[in-house]
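Heads up: the structure comes next, in structure tokens.
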Amino acid sequence: MDNQASVVSFAPGRINLIGEHTDYNDGFVLPAAIDLGCSCRMRKNNKRLLNIWADDIDEFYSFDLKTKQRLETIPTWFKYFLGVFQEMSKQDEDLSGIDLNFSSTIPIGAGLSSSAAMTCSLAIGINELFSLGIPKKELMYIAQKAEHNCVGIQCGIMDQFASIYSKAAQVNLLNCNTMTFQPIPFELGAFEIVLVNSGVSHELASSEYNKRRKTCESVVEKAKVRNISIKSVSDLNLDTLNMLKPALTDIEYKRATHVIKENNRVLKAAAALQNSNILELGKLIYDSHSSLNEQYEVSCDELNFLVDATKELDYVLGSRMMGGGFGGCTLNIVAQEHQRLFRQKISSSFQKIFSTEPEIYDVKISEGAQILSESN
Ligand code: GLA
């Protein structure tokens with residue numbers, strides 16, 4: 001391949017029907033890719049330079065791979081790319097630099113995994129450009145490690161999994177312990193998914209996400225001391241949790257309760273979807289929200305308002321916050337024939353309280369990451 005060879009890659013964002021904060025606890029999730037994502041056009045520059053243009057915000061950043069630049073001086077968006085590049089350089093130390101333009105259709109901070117879309121798009125693109133032959137599974141972990149090591153978010157694997165493995169028109173019941181998954185056709189009959197953006201931009205990095213993860217790790221440590229041998233909170237059930245209760249703080253007990261019950265809900269939701277029992281799916285989604293709000297404490301006023309507002313609308317079967325929390329979108333199961341009414345009602349009631357109109361998205365369950373074009 002010469003200097004002129006270029007690759008265009010694309011990786012999508014995701015929704016998650018149910019199963020929040022369970023992935024890093026080796027539990028269950030039910031995500032799917034959406035028709036919004038990040039495209040990267042890249043070519044080798046045969047220098048040790050990472051030159052990246054963020055087309056959407058008209059910014060450029062260049063990083064000299066020979067130097068050790070301090071991470072604090074680097075724009076956040078660039079860290080996702082640098083993180084992937086550094087992880088991939090571990091596979092091939094002589095990786096040349098690249099010139100890259102990227103652009104994304106995913107609203108930032110909406111809980112739709114704009115970050116996994118960036119890291120996965122770059123990872124599959126570099127793999128193709130340099131003919132590295134890295135298998136899908138490893139690319140998924142590379143994208144995750146980029147966030148752990150360069151961005152500082154100890155995220156789970158759900159977003160990268162959904163971005164890389166998803167197929168159109170199906171959600172995936174992923175067991176994050178075994179990393180095996182079962183595709184389930186996404187059929188809601190007369191209902192559909194509508195996302196409502198609270199407009200509050202979540203800051204997972206800003207400690208709260210990592211704090212939740214640490215609390216769950218602490219539960220596992222305490223269990224070990226009590227001779228309850230578990231690898232993750234998901235290995236507990238409500239009985240073993242109660243045996244452990246005297247050793248736990250109130251917060252630890254609440255967080256673990258959420259994880260155990262949420263795993264259960266995911267399994268029930270997968271079965272409900274398979275049996276076309278959308279009413280049951282909706283109930284589980286409402287329950288998930290209550291638990292994320294009360295037990296896991298990752299919701300906020302705007303999200304709670306959006307969820308509560310749907311309870312008066314008999315054409316909405318379920319609503320909950322989605323993703324890491326502290327803002328972002330709610331996921332709603334709405335009757336197709338009342339979609340327009342739903343939009344009007346939610347917009348006007350949200351506007352009355354928060355003086356701003358929420359963005360509302362209709363998303364399609366779509367294919368995972370792919371190379372769009374390649375030229376030599
Ligand atoms: C973020 C993380 C995921 C997952 C969710 C919460 O999206 O990136 O790994 O933990 O939050 O379910």
Side-chain angles (χ1 to χ4, degrees), residues 11-34 36 38 76 79-80 83-84 106-120 140-166 171-177 179 181 195 197 200-217 232-234 255 258-263 265-266 269 285 288-289 291-293 295-300 303 320-331:
R14 59 106 191 88
I15 56 155
N16 181 26
L17 261 193
I18 194 164
E20 229 58 92
H21 290 273
T22 44
D23 61 350
Y24 55 83
N25 285 305
D26 289 351
F28 295 100
V29 290
L30 201 53
I34 53 174
L36 302 173
C38 174
T76 306
K79 288 184 191 166
Y80 293 94
V84 172
I106 308 176
I108 307 291
L112 300 176
S113 275
S114 54
S115 48
M118 289 197 279
T119 52
C120 293
M140 170 182 82
Y141 286 120
I142 283 173
Q144 184 195 32
K145 278 190 208 137
E147 296 212 35
H148 287 187
N149 299 338
C150 207
V151 186
I153 299 171
Q154 299 305 309
C155 61
I157 198 67
M158 168 171 73
D159 305 348
Q160 298 76 11
F161 163 83
S163 187
I164 290 199
Y165 280 93
S166 290
V171 293
N172 300 290
L173 173 61
L174 171 68
N175 176 335
C176 300
N177 180 31
M179 287 311 287
F181 65 98
L195 305 177
N197 194 344
V200 181
S201 189
H202 67 171
E203 284 181 22
L204 286 179
S206 70
S207 77
E208 286 302 319
Y209 183 93
N210 292 348
K211 224 175 172 175
R212 296 296 180 285
R213 190 167 181 155
K214 277 216 154 356
T215 303
C216 293
E217 285 163 7
S232 68
V233 172
S234 298
R255 305 297 187 250
H258 165 76
V259 174
I260 295 165
K261 291 190 171 176
E262 184 80 347
N263 279 329
R265 280 189 285 268
V266 178
I285 284 175
S288 169
H289 182 79
S291 177
L292 286 160
N293 180 34
Q295 308 291 324
Y296 222 69
E297 296 176 286
V298 287
S299 189
C300 62
L303 289 169
R320 69 174 193 86
M321 56 146 278
M322 189 179 67
F326 308 107
C329 287
T330 57
L331 171 141

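In this chain, residues are counted from 1 in sequence order. Just so you know, ligand 1 is whichever comes first in the structure, and atom 1 is the first atom listed for that ligand.
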*Check Ala146 against Gly83 and note the closest heavy-atom contact, atom names and distance.*
CB-C, 3.4 Å
Return yes or no for this condition: an N or O of [X] is under 3.5 Å from an N or O of ligand 1.
| X | answer |
| --- | --- |
| Gly156 | yes |
| Glu20 | yes |
| Arg14 | yes |
| Ser113 | no |
| Asp159 | yes |

*4.5 Å side-chain heavy-atom contact, Leu112 and Met322*: yes
*Within a strict 4.5 Å, meaning less than it, do heavy atoms of the Glu262 and Ser288 side chains meet?*
yes
Sub-4.0 Å atoms of ligand 1 with respect to non-hydrogen atoms of [X]:
| X | value |
| --- | --- |
| Asp23 | 3 (C), 4 (C), 9 (O), 10 (O) |
| Tyr24 | 10 (O) |
| Gly323 | 6 (C), 11 (O) |
| Met158 | 4 (C), 5 (C), 12 (O) |

*asked:* So does Phe181 get a backbone contact from the side chain of Asn172, meaning a donor-acceptor N/O pair under 3.5 Å?
replied: no
*Could you pull out all residues at least two apart from Thr22 that satisfy side chain to side chain donor-acceptor pair (under 3.5 Å)?*
none
_Classify the ring geometry of Tyr209 against Tyr24: parallel below 30°, tilted from 30° to 60°, perpendicular beyond 60°._
perpendicular
*Could Arg255 and Glu297 be called an ion pair, given the rule that one side-chain N must be under 4.0 Å from one carboxylate O?*
yes
